[in-house]
Trainee: 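Okay, here's the structure, questions in a sec.
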Amino acid sequence: MSEKQVRVRFAPSPTGHLHVGNARAAILNYLFAKHHNGTMILRIEDTDAQRSTEESIQTIVEDLNWLGLKWEEGPLKGGKFGPYKQSERYEIYRNYADKLLEKGLAYRCFCSEEEIEKEREKAEQQGIPYKYSGKCGKISKEKIDENIAKGLSFVVRFKVGSQIISFKDLIMEEVSFQSETIGDFVIIRSDGSPIYNFCCVIDDNLMEISHVIRGDGHLANTPKQILIYKAFGWEIPNFAHTPMILDENRKKLSKRKGATSVDEFKNEGYLPHALINFLSLLSWSSPSGDEILSIERLIKEFDFSRMNKSGAVFDPVKLNWMNGVYIKELDSVKYFELLKPYLTKFEGVSEEILKKVTILFKPSLQRFSEISDEIEFFFADLTKIEFSEEMQEILKLETTKNVLETFTKLASNETIWSFDSIKELIKNVGKQTNVKGKNLFMPLRIAITKKLHGPELPAICEIFGKDKTILLAKEVLTNL
RNA sequence: GGUGCCUUCGUCUAGUGGUCAGGACUCAGGGUUUUCAUCCCUGCAACAGGGGUUCAAUUCCCCUAGGCACUGCCA
């Protein structure tokens with residue numbers, strides 16, 4: 001595979017947002033292309049006029065851009081093998097279908113949908129696997145002309161014949177099918193529009209695709225496609241069918257439980273790099289065993305030989321962890337810039353304060369969308385917040401009263417109010433009350449922040465300011 | 001039903017004809033932080049089952065079970 005120029009394509013159908021399964025296919029295509037210094041193509045498979053939308057193409061392109069995946073040829077972008085939208089290539093497909101018709105490798109089928117449906121039901125009742133009978137393949141030429149003259153509508157079916165189709169998949173290895181189980185399938189609809197399996201082959205050939213990398217849902221389509229390649233006498237590309245991404249029940253990852261489309265991850269505050277890293281680690285692993293991998297390393301190390309054949313469960317908990325790792329690595333300028341969109345709730349607050357407050361959460365944040373809830377207590381009226389049972393337990397400690405009293409007393413005498421001075425202050429409270437560790441810090445933390453955990457206490461007090469800090473401590477004291 | 005693919009800790013995975021079956025996430029415990037979190041360390045936890053082949057099988061072969069996908073005038 002090295003002599004030949006590597007050309008791969010990502011070919012989504014624009015029927016909604018970019019799903020993580022498709023995103024992974026895009027990522028793998030990208031990594032493979034870059035690894036081999038090849039070319040990546042974006043092709044829009046919009047032959048389903050009912051479901052395809054222009055907006056969807058937009059969002060898919062946006063999502064791909066957000067991920068940072070780049071392609072050399074595609075709609076909008078152009079390239080010498082265009083157009084890259086299948087809906088703009090119908091003439092091409094019809095021409096190739098005509099060639100097949102001429103060669104007798106395909107035929108017009110005049111059966112109505114109702115007729116087919118009846119046959120299908122009958123087969124099902126009898127427990128026999130259904131496949132098209134092929135009866136229209138035997139109609140005489142005169143009859144065909146007569147039918148056409150009568151204006152009867154027809155589909156074009158590919159004549160499958162009988163043979164064993166086997167191919168070597170880069171991931172699944174040797175795979176073979178008996179063509180008899182397939183049945184003559186439709187390549188052109190009655191309205192003249194072409195069907196996926198047909199367009200896909202025509203385009204992959206015309207666009208000189210060297211490697212077809214796609215989800216293993218397409219594995220069963222591959223023999224049909226190979227038959228078409230053979231019918232035209234075309235070279236068959238390499239196939240790599242990637243195992244699917246499953247949900248926690250080991251079912252095809254679908255909506256309903258959590259996020260499944262790239263834009264949802266984007267909105268929840270995941271970093272594109274984290275998503276790519278995480279997705280690339282499903283069914284694949286680095287030879288080094290490392291898990292946090294830069295894009296450069298992924299490109300360098302990616303290879304189908306290290307890919308499993310089994311599906312992988314998408315574990316959002318691990319993704320969150322990984323995203324947290326990448327957030328920690330961000331420098332503070334970039335961190336704040338990416339966080340800004342999640343701060344709309346705090347419009348009236350100065351950027352300076354927001355920067356100070358949000359930076360405290362950089363080590364613990366897993367998703368940007370969490371920031372709002374985390375920092376809210378800085379701007380809320382904390383005197384109105386109730387204590388949870390766990391908090392009350394801690395406040396009930398014998399030492400609590402003394403700690404809070406000493407704290408407010410010493411705090412009132414402070415002249416400077418800085419992180420260091422507050423730290424020192426708490427140290428002194430410990431000395432004077434002879435309380436330390438948890439029993440010293442937790443009552444203060446709870447009284448002042450109304451939370452069981454958060455950033456370093458002195459840092460919070462500093463931002464609150466002296467007056468507010470003392471006020472909050474006192475307020476709790478009076479109710480003790 | 002038919003066809004195809006798959007099966008190592010809960011999850012993602014490494015790995016080999018002889019290994020204490022390794023790592024990561026989660027969880028638990030400990031250490032640092034005079035607190036929580038971060039961070040560090042330790043621990044829990046797996047070769048689907050049954051037959052072969054072999055001196056030896058998690059690894060090779062077969063069967064069973066289970067899972068998933070496809071089975072459209074969807075892609």
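Chain naming here is simple, since letters A, B, ... match the order of the sequence lines and numbering starts at 1 in each. Side chains included, hydrogens not; waters and symmetry mates left out as well; all remaining heavy atoms used.
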Trainee: Say we look at A24(B) and G15(B): how far apart would their C1' atoms be, to the nearest angstrom?
Mentor: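 After rounding to an integer number of Å, I get 15 Å for this pair.
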Trainee: Asn308(A) side chain N/O closer than 4.0 Å to the phosphate oxygens (OP1, OP2) of A14(B)?
Mentor: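 Yes, Asn308(A) has a side-chain N/O under 4.0 Å of OP1/OP2 on A14(B).
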Trainee: Per the side-chain hydrogen bond (donor to acceptor under 3.5 Å, both in side chains) rule, what does the pair list look like for residues 163-184 of chain A, sequence neighbours excluded?
Mentor: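 side-chain hydrogen bond (donor to acceptor under 3.5 Å, both in side chains) check on residues 163-184 of chain A returns Tyr107(A)-Asp184(A), Ser162(A)-Glu180(A), Gln163(A)-Lys230(A), Asp169(A)-His241(A), Glu173(A)-Lys309(A).
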Trainee: When you compare G10(B) with A69(B), how far apart are their P atoms, in angstrom units rounded to a whole number?
Mentor: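 My reading of the P atoms in G10(B) and A69(B) gives 23 Å.
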Trainee: Kindly indicate whether the side chain of Asn221(A) and the base of A75(B) share any N or O donor-acceptor pair separated by less than 3.5 Å?
Mentor: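 Result: at least one qualifying N/O pair found.
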Trainee: Sequence neighbours left out, what passes side-chain hydrogen bond (donor to acceptor under 3.5 Å, both in side chains) with Asp216(A)? Give chain and number order.
Mentor: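 Applying side-chain hydrogen bond (donor to acceptor under 3.5 Å, both in side chains) to Asp216(A) gives none.
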Trainee: Kindly point out which of A75(B), C73(B), U26(B) is positioned nearest to the side chain of Val317(A)?
Mentor: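 That would be U26(B).
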Trainee: Does Thr47(A) put a side-chain nitrogen or oxygen below 4.0 Å from OP1 or OP2 of A75(B)?
Mentor: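 For A75(B), OP1 or OP2 has a side-chain N or O of Thr47(A) closer than 4.0 Å.
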Trainee: If the sugar-phosphate is the primed atoms plus P, OP1 and OP2 and the base is the rest, what is the B/S/- string for nucleotides 57-66 of chain B, using protein heavy atoms under 4.0 Å?
Mentor: ----------
Trainee: Please state the C1' separation for the pair G1(B) and G23(B) - nearest whole angstrom.
Mentor: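 To the nearest whole Å, 43 Å.
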Trainee: For each nucleotide in nucleotides 30-37 of chain B, reading 5' to 3', give B when a protein heavy atom comes within less than 4.0 Å of its base, S when such contact involves only the sugar-phosphate, and - otherwise.
Mentor: ----BBBS
Trainee: Assign the ring pair Tyr342(A) / Phe368(A) to parallel, tilted or perpendicular, where the plane angle (0 to 90°) is split at 30° and 60°.
Mentor: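 Aromatic pair Tyr342(A)/Phe368(A) classed tilted.
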Trainee: Is there a side-chain contact between Arg108(A) and the phosphate of C73(B), meaning an N or O under 4.0 Å from OP1 or OP2?
Mentor: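 It does not, given that no N or O in the side chain of Arg108(A) lies less than 4.0 Å from OP1 or OP2 of C73(B).
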Trainee: Using the side-chain heavy atoms of Lys328(A), tell me which of these nucleotides is nearest: G2(B), C39(B), C12(B).
Mentor: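 It is C39(B).
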Trainee: Provide the distance between the two C1' atoms, one in C44(B) and one in G51(B), to the nearest whole Å.
Mentor: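 Approximately 33 Å lies between the C1' atom of C44(B) and that of G51(B).
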Trainee: Side-chain donor-acceptor pairs under 3.5 Å in residues 434-445 of chain A, sequence neighbours left out?
Mentor:
{"from": "Arg445(A)", "atom 1": "NH1", "to": "Pro455(A)", "atom 2": "O", "distance (Å)": "3.2"}
{"from": "Arg445(A)", "atom 1": "NH2", "to": "Pro455(A)", "atom 2": "O", "distance (Å)": "3.0"}

Trainee: Can you list, by residue number, the residues of residues 109-121 of chain A that have a non-hydrogen atom closer than 4.0 angstrom to RNA chain B?
Mentor: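 Contacts with RNA chain B under 4.0 Å: Cys111(A), Glu113(A), Arg120(A).
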Trainee: I'd like to know if Lys318(A) reaches the base of A24(B) with its side chain such that a donor and an acceptor end up less than 3.5 angstrom apart.
Mentor: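 When only heavy-atom distances are counted, Lys318(A) does reach the base of A24(B) through a donor-acceptor pair under 3.5 Å.
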